[in-house]
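This one's a predicted model, so the numbers in the text were calculated from it and none came from an experiment.
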Amino acid sequence: MSVKSISPPQSQMSPSADAVQDNLNVQDLELMVQWCTNTYRSISYNTEVESVWQTAVTREAMKHPALMHGILALSALHLATMTGGSVTERYSKMATMHQDLALGGFKESFGDLNQSNCKAAFALCSLMTICSLAFPLAADKSDKRTSLEDLCEAFRVAKNSMNVLADIVDLVENSELRPLLGKDDSGPKMPDTSRLAIMSLAMTNSRLATRDPSHEKEIYESTIAQLGESLEKLAQGREATVVAFQWMYHIPSTFLDLVRERRPFALVILAHYAVILHFMRSRWWIGEWGSPVIQQIGQHLDSQWQQSISWVVDATGCYIPST
């Protein structure tokens, strides 16, 4: 039998360039390079956290495909916000695909959370929480949804991820992921000018409850208390990312319903929270969330209610046209 007679077809011996590219999945490699060189650093606030995202989380991703897809989703979003036109749309689609795979993989792989998978689950939920705010920034600007509507939806998605984080925080408390909990006070401090604003909100809540028996006093009271704690933590130098997301998690879900209904007092409270987003605007996945939300809230309020966000305007410099 000749050698020629047992030789495989040429296509099997020498794969085409397209076939090699498919096997390598060049798009995923591009996103992984983006993560390893840029994105992991962009969501870190000190060198210790950088090391966790760069080394520990990436190592976990090698064992947990769902986490790897979460990394690729955030990297795609990062690239989407750095580009424009059709390129942004391409990266946004890649981000959506990887997010869907990450969420699907989470349901399959993390049904039973334990010591062996808790670190991967914690990292993935943290990434998905960040993605919840980053996605609208990369969305098609022709979409008729407002920033206020996008923020409410981002809150809903983020709360789902943070429900899992809250369940497993004790499992990672003493692990190498501990720095992600952001419990140090070494971050940049926001000026401590909010106490009078919080007191004013509390007084307004009591006054409204006196006038209207149907006023949702308890819901507002809890939301204002959480906001006061968040602003105080920022004044102490607590990590802004953790503070911002903790407020999203702790506020009653019914408060978001009041925002969707455009209740003036709910909008006023949300405008005060948007000061935190404005403070964090240098982070690409926050960007200019704060200003558009504050401006849109101002446009929904009459002149009397606009007086209730005077501290917000002073703290951010946002311009609110008089109604």
Subject >> Neighbour count above 12 (heavy atom, 6.0 Å) for Lys93 NZ >> reply: no
Subject >> Side-chain donor-acceptor pair present, Trp289, Ser147, cut-off under 3.5 Å >> reply: no
Subject >> All side chain to side chain contact (heavy atoms under 4.5 Å, CB included) counterparts of Glu176, not counting sequence neighbours >> reply: Ala56, Arg59, Lys119
Original post:
Quick one: which of Gln226, Glu229, Lys233 gives a side-chain hydrogen bond (donor to acceptor under 3.5 Å, both in side chains) with Gln246?
Top reply: Lys233
Enumerate, atom names and distances included, each donor-acceptor pair closer than 3.5 Å involving a side-chain atom of residues 121-134, sequence neighbours excluded.
unit_1, atom_1, unit_2, atom_2, d
Ser126, OG, Phe122, O, 2.9
Thr129, OG1, Cys125, O, 2.7
Ser132, OG, Thr129, O, 2.4

**OP:** Tell me, with the steps shown, if Leu201 and Tyr220 meet side-chain contact (heavy atoms from CB on, under 4.5 Å).
**Re:** CA-CA 9 Å; Leu201 290 176; Tyr220 289 126; over 6 Å; no
Subject >> side chain to side chain donor-acceptor pair (under 3.5 Å) between Asp28 and His98, intermediate numbers included >> reply: CA-CA 10 Å; Asp28 289 353; His98 283 295; 3.0 Å; yes
Original post:
Just checking, any donor-acceptor pair under 3.5 angstrom between side chains of Gln34 and Tyr40?
Top reply: no
Original post:
Judged by modelled atom types alone, do His78 and Thr39 share a side-chain donor-acceptor pair under 3.5 Å?
Top reply: yes
Subject >> Ser230 vs Arg238, side chain to side chain donor-acceptor pair (under 3.5 Å): CA-CA, chis, key distance, verdict >> reply: CA-CA 9 Å; Ser230 297; Arg238 289 288 295 272; over 6 Å; no
**OP:** Give a yes-or-no answer on whether the side chains of Trp284 and Ser42 include a donor-acceptor pair shorter than 3.5 Å.
**Re:** yes
**OP:** Say whether Asn205 and His215, considering side chains only, have a donor N or O and an acceptor N or O under 3.5 Å apart.
**Re:** yes
